[in-house]
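Single-structure report; data block below.
Quantities reported herein were computed from a predicted structural model and do not represent experimental measurements.
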Amino acid sequence: MEQTVYIFGQMKVKNYEDYFTKYGSPFLPILEKFKGKLLAATKNGRTLEGEAIGNWTVLMEFPSKSMAYSFVTSKEYAPLMELRVNTLTDETHAVLIPGEIAAM
């Protein structure tokens, strides 16, 4: 059985209205198609250590690594990802996190 994974992302949104209209609205149905859930999305995240990257933070959940990769590499998401990365945001950073406690 595959394990739940999370994608944590931070980015600098250039214009929130453009971001939500051009990216946010069409994003959610595609995320849901790949069984993803948007757990949190905020411009009010508080950095506890290190330096913040950008002004927008998101946390998504997928039932498996394969579903997360299928979403990120899908033909449905590709135009939105291109728009986000090349037009709507700067300084994007995303991390895939397995839903496990790693042994030290």
F20 with F27, same ILVMFWY side-chain cluster at under 4.5 Å: yes
Set of side-chain contact (heavy atoms from CB on, under 4.5 Å) partners for T92, sequence neighbours left out: M11, R84, T89
Path from F34 to L59 over hydrophobic side-chain contacts below 4.5 Å: no
Minimum side-chain heavy-atom gap L96-F8 below 4.5 Å: no
same_hphob_cluster(I53, M60) at 4.5 Å side-chain heavy-atom cutoff: no
Heavy-atom side-chain contact between V5 and I97 under 4.5 Å: no
Qualifying ring-ring contact (aromatic ring centres under 6.0 Å, His included) pairs, either residue in residues 74-98, two or more places apart: F71-Y77
For S64, side-chain contact (heavy atoms from CB on, under 4.5 Å) partners two or more places apart: E2, S66, M67
Check: D18 and L88 side chains under 4.5 Å, non-hydrogen atoms: yes
OG1 on T4 to NZ on K65, rounded to 0.5 Å: 13.0 Å
Main-chain N/O of D90 paired with K14 side-chain donor or acceptor, under 3.5 Å: no
Same apolar cluster (I L V M F W Y, side chains within < 4.5 Å links), L83/V58: yes
Salt bridge (Lys or Arg N to Asp or Glu O under 4.0 Å) partners for E76, two or more places apart: K33
Residue list, side-chain hydrogen bond (donor to acceptor under 3.5 Å, both in side chains) with Y69, at least two apart or on another chain: none
Same apolar cluster: I7 and Y23, side chain cutoff 4.5 Å: yes
Y16 six-ring face occupied by K43 cation (under 6.0 Å, within 45°): yes
Nearest heavy atoms of G99 and Q3, plus distance in Å: O-NE2, 3.0 Å
Interatomic spacing from CG in N44 to CG in N55 - rounded to 0.5 Å: 10.5 Å
Min side-chain heavy-atom separation E49-T47 under 4.5 Å: no
K37: partners by salt bridge (Lys or Arg N to Asp or Glu O under 4.0 Å), with sequence neighbours left out: E61
Within-4.5 Å side-chain heavy-atom neighbours: Y19 and W56: yes
Within 6.0 angstrom of E82 CD, more than 12 heavy atoms from elsewhere: yes
S25 versus T21, closest heavy-atom pair with distance: CB-O, 4.0 Å
